[in-house]
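Presented below is the structure to which this report refers.
Heavy-atom basis, side chains included; hydrogens, waters and symmetry copies ignored.
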Amino acid sequence: MADLPMWLRITLLLAVLGWSIYAAIRRERTVQRRLVREARGSVGRALAVISGYYLALVAVVALSGLGGALAHRAGLPTLTILLLVAGLAVTAPFLWVFAPSGEHGGAATPFRDLRRLGARAGVARALAYPAIAYHFLLLVPAQSAAAIAVIVVE
């Protein structure tokens with residue numbers, strides 16, 4: 001199986017980035033409303049919901065990485081790259097869910113966005129603040145590793 005040229009790899013990564021921004025603009029509020037609804041007014045449930053949300057996203061990237069590693073071991077670099085890009089494409093729309101919207105006057109934060117969607121203060125804090133930590137400690141490193149692997153796989 002022929003190796004994918006570098007320009008095609010970068011084009012695929014840029015397409016995933018464009019897809020993530022497009023999907024985030026269209027679906028950010030829907031995902032936030034669902035998370036607030038699943039929390040059901042409980043801080044403990046909100047922590048469980050947001051933890052499960054990010055762990056599921058990281059698991060998808062990890063499974064695509066595992067599939068890519070197996071394909072690479074089998075000598076299929078193109079399949080490796082496609083599996084990694086597929087994992088990124090599935091999780092990319094959720095990368096921007098807790099980015100501040102900036103739609104209203106004043107400081108825009110995920111906490112304020114969740115409060116505007118009807119979450120109580122405790123639930124909004126339990127969703128927004130761990131989400132920021134999970135975002136930078138779990139999701140961004142996993143997606144960055146997958147993106148780097150797309151570039152360096154031979």
When the side chains of residues 36-43 are checked against the rest of the protein, which donor-acceptor pairs come out under 3.5 Å, sequence neighbours left out?
from	atom 1	to	atom 2	distance (Å)
S42	OG	G44	N	3.4
S42	OG	R45	N	3.2

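- Atoms CZ and OG1, from R9 and T78 in turn, are 8.0 Å apart once rounded to the nearest 0.5 Å.
- Closest approach of D3 to P77, counting heavy atoms only: OD1-CB, 3.9 Å.
- Residues that satisfy the salt bridge (Lys or Arg N to Asp or Glu O under 4.0 Å) test with R115, not counting sequence neighbours, are absent from this structure.
- Connection of L8 to V16 is established within a shared hydrophobic cluster, with ILVMFWY side chains joined at heavy-atom distances below 4.5 Å, either directly or through further cluster members.
- To the nearest 0.5 Å, the span separating NE2 on H72 from CG on L84 amounts to 10.0 Å.
- The two residues P141 and F136 come nearest to each other via the heavy atoms CD-O, 3.4 Å.
- Here the side chains of L13 and L88 are in contact, with some heavy-atom distance below 4.5 Å.
- Closest heavy-atom contact between A121 and F111: O-CE1, 3.4 Å.
- The side-chain contact (heavy atoms from CB on, under 4.5 Å) test applied to V31 returns L35, Y53, F94, V97, not counting sequence neighbours.
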Step by step, work out the side-chain contact (heavy atoms from CB on, under 4.5 Å) result for D113 and R29.
CA-CA 9 Å; D113 292 341; R29 292 283 179 245; 3.9 Å; yes

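- Partners of A142 under the side-chain contact (heavy atoms from CB on, under 4.5 Å) rule, at least two apart in sequence or in another chain, are V58, V61.
- L47 and P130 get closest at one heavy-atom pair: CD2-CG, 3.6 Å.
- Note: R27 CZ to R33 CZ = 11.0 Å, rounded to the nearest 0.5 Å.
- With sequence neighbours left out, the side-chain contact (heavy atoms from CB on, under 4.5 Å) criterion links S20 to L17, A92, W96.
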Between Y134 and L55, is the side-chain contact (heavy atoms from CB on, under 4.5 Å) condition met? List the steps.
CA-CA 9 Å; Y134 290 148; L55 289 175; over 6 Å; no

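- Once rounded to the nearest 0.5 Å, the distance linking CG of L95 with CD1 of I21 reads 9.0 Å.
- Minimum heavy-atom separation, P110 to I132: CG-CD1, 4.2 Å.
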Please tabulate, for side-chain N and O atoms in residues 144-154, each donor-acceptor pair with protein atoms closer than 3.5 Å (sequence neighbours left out).
from	atom 1	to	atom 2	distance (Å)
S144	OG	V140	O	2.7

Would you check, one step at a time, whether the test side-chain contact (heavy atoms from CB on, under 4.5 Å) holds for Y129 with F98?
CA-CA 10 Å; Y129 299 147; F98 284 99; over 6 Å; no

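- The OG1 atom of T80 lies 12.0 Å from the CZ atom of R73; values are rounded to the nearest 0.5 Å.
- Hydrophobic clustering (ILVMFWY, side-chain heavy atoms < 4.5 Å, transitive): L14 and W19 are in distinct clusters.
- No path of Ile, Leu, Val, Met, Phe, Trp and Tyr side chains, each step under 4.5 Å between heavy atoms, connects V60 with L82, placing them in separate hydrophobic clusters.
- Summarising the geometry, atom CG belonging to L114 is positioned 5.5 Å from atom CG belonging to L127; distances are rounded to the nearest 0.5 Å.
- By the rule that hydrophobic residues join a cluster once side-chain heavy atoms approach within less than 4.5 Å of another member, V90 and L66 end up as members of separate clusters.
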